[in-house]
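Structure, as structure tokens:
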There are 2 protein chains.
Amino acid sequence: MPASKTQKPAAPTAGARASKPPAAKPAELDFDLLPDLIGYQLRLTQLAIFGDFGSSLADQSISPGRFGVLVLIGANPGMTQSRLALATQLDRSTMVAVIDQLETRKLVERRAAPNDRRSNALWLTEDGKKLLRAMKRRVRSHEKHIAAALGDEDTARLIAMLARIREHLRPKRSDQA
Amino acid sequence: MPASKTQKPAAPTAGARASKPPAAKPAELDFDLLPDLIGYQLRLTQLAIFGDFGSSLADQSISPGRFGVLVLIGANPGMTQSRLALATQLDRSTMVAVIDQLETRKLVERRAAPNDRRSNALWLTEDGKKLLRAMKRRVRSHEKHIAAALGDEDTARLIAMLARIREHLRPKRSDQA
DNA sequence: GGGTATTGTTTGGTAGCCAAACTATACTAA
DNA sequence: TTAGTATAGTTTGGCTACCAAACAATACCC
């Protein structure tokens, strides 16, 4: 932004005030090929859903990702961090901070793994279980709200389509849903 | 990672969900309700697509988001940063860095806006146009590859479904595709 | 035993994003 | 004209989320 002010302000002094043409309306934006891109549509939709999801869980300040971690630990008590990292497609080093955070909040505990002293066995605390139950309820109701836009049948079809895309994209991969 | 299938309801036989055998083996992971969540599925699919997309554009080191910005500027030459921020759902302050980056790489230019000395009019440089053309080709072919997993008809249906979800979620909003 | 693989961790980096405060400019109305 | 207010871009500061390399402890295999 030029700080100089050497230029005269468009002299409104002259009475030439007659023609104020269409005033150059912003005009419609052209999104070109974007709306046809599946990745773009996915991003938009995910933004919308996560925004909604987030606001619905905001008071717990648990992000969708953290919720997923809690679910996995809840459903697979005693699992290790590495397995969890694999399942969530996060790096092991990332998972350290995630568990640190959840442990600080007293939602998750690291315990000794029975067979391997390198591993941490992850368990929900009572608080964690309680919070998870409450969040699951909300998530399910939130999900119902979304599914209402499509109907059960189309919702199932949508999920199947997404799975199909993934399978087609990455020939082989496992330990992930 | 021991692997298996793309995971399934996991619950070994319906209903039974109490016993916890002292699994000596990694055992199957239970993803619980996650696979039924649209948001979760979207995230997985987006990860897969963007990963693929990214690797296909890696040599240009242009992220999907940056690509979208280039497309918008290309299709709406002279548009301002604010409009662009609105269209991409980014903050205006975020857009500054984005444009800085693209300008440094000589793909985009900030020019004086004709009617408003506060605004920057954004234009692609020749390099920008060239790169955009090349990337569009790749993106389209990439898109074809994805669509091949579904077929044209289902692809269109998928996109329509996603749009429906968004509309249902956020009552109304404009300036976005 | 020795070699190698794996687990969790530390460290250091990146991308991407938002919010508040600020400057320059534009618009509006007294 | 002038004052008030709104807007465009920017700066600053922060935050989340992520990866990659290196490392110690432990496990596994021969």
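To find a chain, count down the sequence lines: A is the first, B the second, and so on, and within it residues start at 1. All values below come from the heavy atoms of this structure, side chains included, with hydrogens, waters and symmetry mates left out. Treat the numbers as computed from the prediction; the structure is a model and nothing was measured.
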Counting only side-chain N and O atoms of [X], is one of them less than 4.0 Å from OP1 or OP2 of [N]?
X: Ser93(B); N: dT11(D); result: no
X: Asn115(B); N: dT25(C); result: no
X: Arg83(A); N: dG8(C); result: no

Rounding to an integer number of Å, can you tell me how far [X] [atom1] sits from [N] [atom2]?
X: Asp100(B); N: dT12(D); atom1: CG; atom2: P; answer: 12 Å
X: Leu84(B); N: dT10(D); atom1: CG; atom2: P; answer: 12 Å
X: Leu102(B); N: dG9(D); atom1: CG; atom2: C1'; answer: 16 Å
X: Asp116(B); N: dA24(C); atom1: CG; atom2: C1'; answer: 10 Å
X: Met95(B); N: dT11(D); atom1: CE; atom2: P; answer: 15 Å
X: Gln81(A); N: dT10(C); atom1: CD; atom2: C1'; answer: 13 Å
X: Arg111(A); N: dG8(C); atom1: CZ; atom2: C1'; answer: 19 Å
X: Asn120(B); N: dT23(C); atom1: CG; atom2: P; answer: 19 Å

Under 3.5 Å, which N/O atoms of the protein pair with N/O atoms of nucleotides 15-18 of chain D?
unit_1	atom_1	unit_2	atom_2	d
dA17(D)	OP1	Ser63(A)	OG	3.2
dA17(D)	OP2	Arg66(A)	NH2	2.9
dC18(D)	OP1	Arg43(B)	NH1	3.4

Does Arg92(B) get its side chain close enough to the base of dG9(D), under 3.5 Å, for a donor-acceptor pair? yes
Arg117(A) (side chain) and dT26(D) (base): donor-acceptor pair under 3.5 Å: no
For a quick test of reading the model, state the closest non-hydrogen atom pair linking Met79(A) to Leu72(A) and the distance between them. SD-O, 3.8 Å
Please find the pair of heavy atoms, one from Arg92(B) and one from Ser82(B), that lie closest to each other, and give the distance. CD-OG, 3.2 Å
Run the salt-bridge test on Glu126(A) and Lys130(A) with the 4.0 Å N-O cut-off and return the result as yes or no. no
Sort and list the pairs that fulfil ring pair (Phe, Tyr, Trp, His ring centres under 6.0 Å) and have at least one residue in residues 143-166 of chain A, not counting sequence neighbours. His145(A)-His168(B)
I'd like to know whether Ser93(A) forms a side-chain hydrogen bond (donor to acceptor under 3.5 Å, both in side chains) with Asp91(A), so could you lay out the CA-CA distance, the side-chain angles of the two residues, the decisive distance to 0.1 Å, and finally the verdict. CA-CA 5 Å; Ser93(A) 61; Asp91(A) 195 89; 2.7 Å; yes
Of the candidates dA24(C), dA27(D), dG9(D), the side chain of Arg118(B) sits closest to dA24(C)
Out of Ile146(A), Thr45(A), Leu47(A), which one pairs with Leu169(B) under the side chain to side chain contact (heavy atoms under 4.5 Å, CB included) rule? Ile146(A)
Taking the side chain as every heavy atom from C-beta outward, state whether Trp123(A) and Arg110(A) have any atom pair closer than 4.5 Å. no
